[in-house]
Amino acid sequence: MVTLIQNGRIITSADDYIADVLIEGETVTTIGRSLVVRADQIIDAAGKYVIPGAIDPHVHMELPFGGTVSSDDFTTGTRAAAFGGTTTVIDFAIQYKGKTFQETIDDWHAKAKGKCAIDYGFHLAITEYLPEHKAEIGKVVDQGITSFKIFLAYPGVFMVDDRTMLRVMQSAGEVGGMTLVHAENGDAISELVKNLVAAGKVEPKYHAISRPPVMQADGVARAVKVAEVARAPVFIVHVSCEAAMVELQRARDKGNRAFGETCTQYLFLDETCYDKPDFEGAKYVFTPPLVARENIEALWKGLKLGYLQEVSTDHCPFNFKGQKELGRDNFSKIPNGGPGVEDRLGMVYQGAVIERGFSLNKWVDITSTASAKMFGMFPRKGTIAVGSDADIVIFDPTRQQVRSAATHHQRCDYNLYEGMHVDGVVETVLSRGKTIIDKGEYTGRAGDGQFIQRGASGII
Ligand SMILES: [Zn+2]
């Protein structure tokens, strides 16, 4: 299959020019002006942006959590991602107590195989790690899983102690891997939760009150310092507030390999969402919670100045009906998570480029290129270049759309950005040369997406 994309404005994290892109099979083979070639398919992209497929390095499809399972599986979640212009996701294979690393990875492969619309990878989330497991870390890296996640939250479920944090960081660092950290003070938070519930403070807003920014900042400070001692790179997931970002910034200023992301929801929404009536605040119960409005500009500034490297979603949807409702009488029983894998590229375009004057290059960087580099997929992913995978989005900046659960493809009965008008529409999406979204219609198939073997992490 030979595809020619003509006259588009090609935007990568570094370039911005008008040219034709020739795709043979799964790969970009030629880029040039007015290419004269025979093609099976010609796409006219005049007046449109031609950008690398977006990468969402933080999603949870079909994740058992809080007595239920996140409502998008690998089929529906990756298809929704494709509609939004995302062509690669990285999910978290989470080690449940008693499972080995290999069993955990095998379980996640079994869940994803043959179902995905787009390419996918895994981080391995470690919940138990003893010195005798050390050789196993290298075996995981050899399978193309080069990033490890630990939780400093959810004691008794996923949380690891500082001794384990140090071991994981050291072992991962030695084999070219990186440790991602969910940074909070899990023990103190669980005490706050217990006290609030005991005092009858059970509405959704108390989820936010039980996890104040200072508790996240505490987790970040600890993680970056332990990483410094371990002489290993560290990546803080879902940074939601300025207090936590400042700890990361401080580590970076010292020259440490400390990185971080924020998520779409923290760039648009604030804690007033929890005051919505009729238990609707539960829709915004994810961890970390939304915080005060003034943090939003700080996070955008952090992205602009490179304190934070990219924007992910932490896509982990639960339906309001039947799932979020599990916590009607107790906020600590509300499944933690929200939808967003489909919304991110367009929302970040609106927030970054339209509302704050970020360059188009920066938009591509924080939604695609930085993640490709950070997680060992560049230049195969994250750019449009000769030899790269033909993961390409054609984005029409002249059209507008309204984000809504009525029109989204995420398997979730609400949308976090319901009713928001945004500029720009994802029109056509190619995944390794195959058109999977054609002028807004899905033309792919479950199983088109392949598992991506990733290289060394943390090199940016
Ligand atoms: Zn997550």
Side-chain angles (χ1 to χ4, degrees), residues 1-55 82-88 304 310 344-373 377-401 422-441 443:
M1 180 83 176
V2 177
T3 300
L4 182 66
I5 303 173
Q6 285 184 321
N7 297 314
R9 182 171 165 189
I10 300 170
I11 298 156
T12 68
S13 68
D15 308 303
D16 185 345
Y17 56 96
I18 291 174
D20 300 344
V21 181
L22 183 70
I23 297 155
E24 295 177 84
E26 301 187 344
T27 312
V28 173
T29 54
T30 309
I31 301 173
R33 277 282 176 88
S34 308
L35 296 180
V36 180
V37 287
R38 204 186 51 78
D40 304 309
Q41 177 184 216
I42 292 177
I43 300 172
D44 176 19
K48 289 161 194 168
Y49 301 155
V50 177
I51 59 174
I55 297 172
F83 273 105
T86 291
T87 53
T88 304
K304 193 167 210 171
E310 46 90 353
R344 182 186 61 132
L345 180 67
M347 290 299 291
V348 174
Y349 177 73
Q350 176 70 23
V353 177
I354 301 297
E355 294 174 8
R356 290 176 183 80
F358 281 40
S359 69
L360 291 165
N361 307 102
K362 189 69 181 174
W363 168 53
V364 168
D365 190 50
I366 61 180
T367 54
S368 178
T369 316
S371 291
K373 291 177 177 173
M377 295 184 284
F378 188 82
R380 181 173 169 194
K381 308 286 191 193
T383 193
I384 297 174
V386 171
S388 294
D389 281 358
D391 291 353
I392 293 176
V393 171
I394 298 170
F395 187 87
D396 186 349
T398 65
R399 289 166 59 204
Q400 287 200 320
Q401 66 178 316
V422 295
D423 282 0
V425 170
V426 170
E427 195 177 89
T428 296
V429 179
L430 280 73
S431 168
R432 273 181 292 99
K434 178 174 177 178
T435 303
I436 57 168
I437 301 290
D438 186 6
K439 297 196 168 59
E441 296 294 321
T443 53

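This chain uses plain numbering: 1 for the first residue, then up along the sequence.
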**Request:** Check whether any side-chain N or O of T27 sits under 3.5 Å from a backbone N or O of G387 as a donor-acceptor pair, and report yes or no.
**Result:** no
**Shortest non-hydrogen separation from I55 to S371 and the atoms involved** = CG2-CB, 3.8 Å
**Prompt:** Any donor and acceptor pair, going by atom type alone, linking the side chain of R9 with main-chain N or O of I51 inside 3.5 Å?
**Reply:** no
**Prompt:** Which atom names give the shortest non-hydrogen contact between V393 and V426, and what distance separates them?
**Reply:** CG1-CG1, 4.1 Å
**Request:** Using atom types as modelled and distance alone, determine if a side-chain donor or acceptor of D389 lies under 3.5 Å from a backbone N or O of D391.
**Result:** no
**Request:** Indicate yes or no for a side-chain donor-acceptor contact from E26 to the backbone of G433 under 3.5 Å, with no hydrogens or angles considered.
**Result:** no
**Complete:** In terms of heavy-atom contacts, K304 and R356 come closest through NZ-O, 3.8 Å
**Prompt:** If you measure from CD on E441 to OG1 on T435, what distance do you get to the nearest 0.5 Å?
**Reply:** 13.5 Å
**Request:** Start with the C-alpha gap between T369 and T12, add the side-chain angles, then the distance that decides, and say whether side chain to side chain contact (heavy atoms under 4.5 Å, CB included) holds.
**Result:** CA-CA 8 Å; T369 316; T12 68; 5.8 Å; no
**Check: I23 and I392 side chains under 4.5 Å, non-hydrogen atoms** = yes
**Message:** Quick one, R380 and R432 - any side-chain contact, counting heavy atoms below 4.5 Å?
**Reply:** yes
**Asked** Are the side chains of T367 and R344 in touch, meaning some heavy atoms are under 4.5 Å apart?
**Response** yes
**Prompt:** Side chains of F395 and L360: closer than 4.5 Å at any heavy-atom pair?
**Reply:** no
**Asked** Nearest heavy-atom pair of W363 and Y49: which atoms, and what distance?
**Response** CZ3-CD1, 4.1 Å
**Request:** Quick one: do K434 and M1 satisfy side chain to side chain contact (heavy atoms under 4.5 Å, CB included)? Show the steps, please.
**Result:** CA-CA 8 Å; K434 178 174 177 178; M1 180 83 176; over 6 Å; no
**Prompt:** Atom OG in S368, atom CD1 in I11: separation rounded to 0.5 Å?
**Reply:** 12.5 Å
**Asked** Can you tell me how far the CD atom of Q41 sits from the CD1 atom of I5, to the nearest 0.5 Å?
**Response** 8.0 Å
**Prompt:** Taking C-beta and beyond as the side chain, do I384 and V50 meet within less than 4.5 Å on heavy atoms?
**Reply:** yes
**Request:** Going by the side chain to side chain contact (heavy atoms under 4.5 Å, CB included) test, name the single residue among I354, V353, D396 that passes it with D423.
**Result:** I354
**Exam field: side chain D20 to backbone S34, donor-acceptor pair closer than 3.5 Å** = yes
**Asked** Can you tell me how far the CD1 atom of I18 sits from the CD atom of Q6, to the nearest 0.5 Å?
**Response** 13.0 Å
**Complete:** In terms of heavy-atom contacts, Q350 and V422 come closest through OE1-CA, 3.4 Å
**Item:** Nearest heavy atoms of E24 and L22, plus distance in Å
**Value:** OE2-CD2, 3.9 Å
**Request:** Measure the spacing between CD1 of I436 and CG of D438 and express it to the nearest 0.5 Å.
**Result:** 11.0 Å
**Prompt:** Taking the side chain as C-beta and beyond, is there a heavy-atom pair between L430 and T428 under 4.5 Å?
**Reply:** yes
**Prompt:** Given I366 and V348, is the side chain to side chain contact (heavy atoms under 4.5 Å, CB included) satisfied, shown in steps?
**Reply:** CA-CA 9 Å; I366 61 180; V348 174; 3.8 Å; yes
**Message:** Using modelled atom types and a 3.5 Å cut-off, is there a donor and acceptor pairing between side-chain atoms of S431 and backbone atoms of T87?
**Reply:** no
**Side-chain heavy-atom pair V386, T30 within 4.5 angstrom cut-off** = no
